[in-house]
Enquirer: 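After the structure tokens below, expect a handful of questions from me.
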Amino acid sequence: MTLEIRIRKTVPSPERVFELDVAFRSDALSMVLFGPSGAGKSLTLQAIAGLIAPDAGRIVLNGRVLFDAEQKIELPPQQRRVAYLFQDYALFPHLTVAQNIGFALTRGSLPLRRPQQHPQVRHWLQAFRIENTAASYPSQLSGGQRQRVALARALVAQPDLLLLDEPFAALDQSLRQYMRDELKEMQQRLKLPMVVITHDPADVAVLGEVVFDMRDGRIQ
């Protein structure tokens, strides 16, 4: 896996003008963007996922150009084969666990029929040991269970890259180390490339095969 990023973006706000100017290349399976809040970590992830458009630069994943300002290439998020795990997991409260996982496999507005019977949904329910929650709703789950559901939903579409935005911030302290170890084991077992953003040194210690220190919109 090779990820190449060279992007710039100006983000104005009433308080200040933030300048994102990020450039790095890595062949690592597990990359961590480490730094304080406001360093530009989330903006970088959003640019990789196609949720925001940089003002200039290129993003290339495995030789496939996702974004190139000069060539006017900007693949939409659904064509990038990149999965984004939001900090709050962004599960649909009105859908069951199986329906949340199966949502990534829907086409248009047509939901999956009997999602817990779909082979890919069933596979991830078993992989994360949440089969007994398939008919439950997010409000009925623990923090660790919600994270597993969000990971399963991200992985069911078989992405080329997994992006995780502060994946343990919403968990109780007692759960964080367990879920770090579980994520690391899953990532190594599946050989799935991922980029994690965090300001917690404990996340870096477990997940940081390659670590990029971000400050004020730049890699230090």
Side-chain angles (χ1 to χ4, degrees), residues 1-77 79-88 151 154 159-170 176 179-180 183-184 186-188 190-220:
M1 199 287 299
T2 301
L3 177 64
E4 301 175 53
I5 297 178
R6 188 182 73 253
I7 56 173
R8 296 197 310 274
K9 185 170 182 65
T10 300
V11 184
S13 71
E15 295 79 21
R16 61 168 180 162
V17 175
F18 182 79
E19 298 286 348
L20 183 72
D21 188 353
V22 173
F24 67 85
R25 180 188 185 280
S26 178
D27 300 320
L29 274 177
S30 179
M31 293 162 276
V32 173
L33 299 181
F34 174 71
S37 298
K41 305 185 302 296
S42 292
L43 285 174
T44 303
L45 246 60
Q46 291 165 15
I48 298 171
L51 302 180
I52 64 169
D55 299 328
R58 276 168 58 89
I59 301 172
V60 183
L61 177 62
N62 293 333
R64 192 164 59 98
V65 178
L66 306 184
F67 175 83
D68 189 308
E70 289 188 2
Q71 298 184 41
K72 301 189 183 306
I73 296 173
E74 185 180 350
L75 295 185
Q79 292 182 16
R80 296 195 177 199
R81 297 189 58 80
V82 171
Y84 196 118
L85 184 67
F86 293 91
Q87 185 176 127
D88 62 359
L151 278 168
D160 293 334
L161 180 66
L162 176 62
L163 307 175
L164 300 107
D165 187 347
E166 299 279 1
F168 311 111
R176 290 183 186 180
M179 293 306 297
R180 284 187 196 104
L183 177 61
K184 181 67 172 179
M186 178 274 296
Q187 188 262 341
Q188 291 180 333
L190 299 175
K191 304 298 182 188
L192 176 67
M194 66 183 187
V195 180
V196 182
I197 64 174
T198 184
H199 61 266
D200 189 339
D203 295 342
V204 176
V206 175
L207 302 172
E209 180 183 349
V210 171
V211 181
F212 298 101
D213 186 9
M214 284 196 71
R215 296 287 188 280
D216 298 320
R218 289 168 173 77
I219 303 293
Q220 300 299 304

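Position 1 is the first residue of the sequence; numbering continues from there. Just so you know, these numbers come straight off a predicted model, no measurement behind them.
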Enquirer: Would you say Arg80 and Leu61 make side-chain contact, with heavy atoms under 4.5 Å?
Expert: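 Answer no - side chains too far apart.
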Enquirer: I need the minimum non-hydrogen distance between Leu162 and Ala154, along with the two atoms involved.
Expert: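 The answer is CD1-CB, 3.9 Å.
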Enquirer: Closest approach of Ala49 and Tyr84, non-hydrogen atoms and distance?
Expert: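 Looking at all heavy atoms of both residues, the closest pair is CB-CD1, 3.6 Å.
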Enquirer: Using side chain to side chain contact (heavy atoms under 4.5 Å, CB included), reason through Val196 and Arg180 one step at a time and then give a plain yes or no.
Expert: CA-CA 11 Å; Val196 182; Arg180 284 187 196 104; over 6 Å; no
Enquirer: How long is the gap from CZ on Arg25 to OG1 on Thr2, to the nearest 0.5 Å?
Expert: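 So the CZ of Arg25 and the OG1 of Thr2 are separated by 5.0 Å.
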Enquirer: Would you mind reporting whether Phe24 and Leu3 have side-chain heavy atoms less than 4.5 Å apart?
Expert: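 With C-beta onward as the side chain, the pair touches.
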Enquirer: To the nearest 0.5 Å, what is the distance between CG on Leu163 and CZ on Phe86?
Expert: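 One finds 9.5 Å between CG of Leu163 and CZ of Phe86.
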Enquirer: Please report the shortest heavy-atom distance between Ala28 and Val210, naming the atom on each side.
Expert: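 That closest heavy-atom pairing would be CB-CG2, 3.4 Å.
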Enquirer: More than 12 non-hydrogen atoms from neighbouring residues, nucleotides or ligands closer than 6.0 Å to CZ on Arg218, yes or no?
Expert: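 Yes, because the 6.0 Å sphere around CZ of Arg218 holds more than 12 heavy atoms from other groups.
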Enquirer: Go through Ile7 and Ile48 one step at a time and tell me if the side chain to side chain contact (heavy atoms under 4.5 Å, CB included) criterion holds.
Expert: CA-CA 10 Å; Ile7 56 173; Ile48 298 171; over 6 Å; no
Enquirer: For Val195 and Leu45, run side chain to side chain contact (heavy atoms under 4.5 Å, CB included): C-alpha distance rounded to whole Å, both residues' side-chain angles, the deciding distance at 0.1 Å, then the answer.
Expert: CA-CA 8 Å; Val195 180; Leu45 246 60; 3.7 Å; yes
Enquirer: Please report the shortest heavy-atom distance between Leu20 and Gly40, naming the atom on each side.
Expert: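 Leu20 and Gly40 have their closest heavy atoms at CD1-O, 3.7 Å.
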Enquirer: Are the side chains of Ser30 and Leu207 in touch, meaning some heavy atoms are under 4.5 Å apart?
Expert: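 In contact.
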Enquirer: Heavy atoms only: give me the nearest Ala169-Arg176 pair and the separation to one decimal.
Expert: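 Shortest heavy-atom separation between Ala169 and Arg176 comes out as O-NH2, 3.4 Å.
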Enquirer: Hey, what do you get for CG (Asp216) to CG (Asp21), rounding to the nearest 0.5 Å?
Expert: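 Reported value, rounded in 0.5 Å steps: 12.0 Å.
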Enquirer: Given side chains that start at C-beta, do those of Phe212 and Ile5 come closer than 4.5 Å, heavy atoms only?
Expert: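 No, their side chains stay 4.5 Å or more apart.
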Enquirer: Is there any ring pair (Phe, Tyr, Trp, His ring centres under 6.0 Å) pair reaching into residues 27-64, and which pairs are they, with sequence neighbours excluded?
Expert: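 Not a single pair qualifies under ring pair (Phe, Tyr, Trp, His ring centres under 6.0 Å).
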Enquirer: Per the side chain to side chain donor-acceptor pair (under 3.5 Å) rule, what does the pair list look like for residues 55-64, sequence neighbours excluded?
Expert: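 Counting only pairs at least two positions apart or across chains, the side chain to side chain donor-acceptor pair (under 3.5 Å) contacts touching residues 55-64 are Arg58-Asp68.
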Enquirer: Below 4.5 Å, heavy atoms only, C-beta onward: do Ile197 and Met214 meet side chain to side chain?
Expert: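 A side-chain contact under 4.5 Å is absent here.
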Enquirer: Please examine the side chains of Pro36 and Arg215, heavy atoms only from C-beta on, and report whether any two atoms are closer than 4.5 Å.
Expert: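 Sidechains of Pro36 and Arg215: in contact.
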Enquirer: Would you find more than 12 non-hydrogen atoms of other residues, nucleotides or ligands less than 6.0 Å from Asp213 atom CG?
Expert: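 It does: Asp213 CG has more than 12 such atoms within range.
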Enquirer: Using 0.5 Å steps for rounding, measure from the CG atom of Leu66 to the CG atom of Leu161.
Expert: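 Reported to 0.5 Å precision, the distance equals 9.0 Å.
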Enquirer: Working to the nearest 0.5 angstrom, can you tell me the gap between Asp165 CG and Lys41 NZ?
Expert: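 Between atom CG of Asp165 and atom NZ of Lys41 there are 8.5 Å.
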Enquirer: Give me the atom names and distance for the closest heavy-atom approach of Thr10 to Glu19.
Expert: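 Residues Thr10 and Glu19, closest heavy atoms: OG1-OE1, 2.8 Å.
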Enquirer: Please walk me through it: do Asp203 and Phe168 pass side chain to side chain contact (heavy atoms under 4.5 Å, CB included)?
Expert: CA-CA 9 Å; Asp203 295 342; Phe168 311 111; 3.3 Å; yes
Enquirer: State whether the number of non-hydrogen atoms from other residues, nucleotides or ligands found under 6.0 Å of Glu70 atom CD is greater than 12.
Expert: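 Counting neighbours around CD of Glu70, 12 or fewer heavy atoms of other residues, nucleotides or ligands fall under 6.0 Å, so no.
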Enquirer: Please confirm whether the backbone N or O of Ile52 pairs with a side-chain atom of Gln46, one donor and one acceptor, at under 3.5 Å?
Expert: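 Not at all, since once roles are kept as given, no pair shorter than 3.5 Å links the two residues.
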Enquirer: Would you say Glu166 and His199 make side-chain contact, with heavy atoms under 4.5 Å?
Expert: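 Heavy-atom side-chain distance check passes, below 4.5 Å.
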Enquirer: Quick check for you: to the nearest 0.5 Å, what is the distance between Leu85 atom CG and Met194 atom CE?
Expert: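 Going from the CG atom of Leu85 to the CE atom of Met194 covers 11.0 Å.
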Enquirer: Just by modelled atom types, is the Leu192 backbone N or O under 3.5 Å from a matching donor or acceptor in the Gln187 side chain?
Expert: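 Judged by distance alone, yes, a pair lies under 3.5 Å.
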Enquirer: Would you check if Lys184 and Met186 make a side-chain contact, meaning some heavy-atom pair closer than 4.5 Å?
Expert: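 They are not in contact (no side-chain heavy atoms under 4.5 Å apart), so the answer is no.
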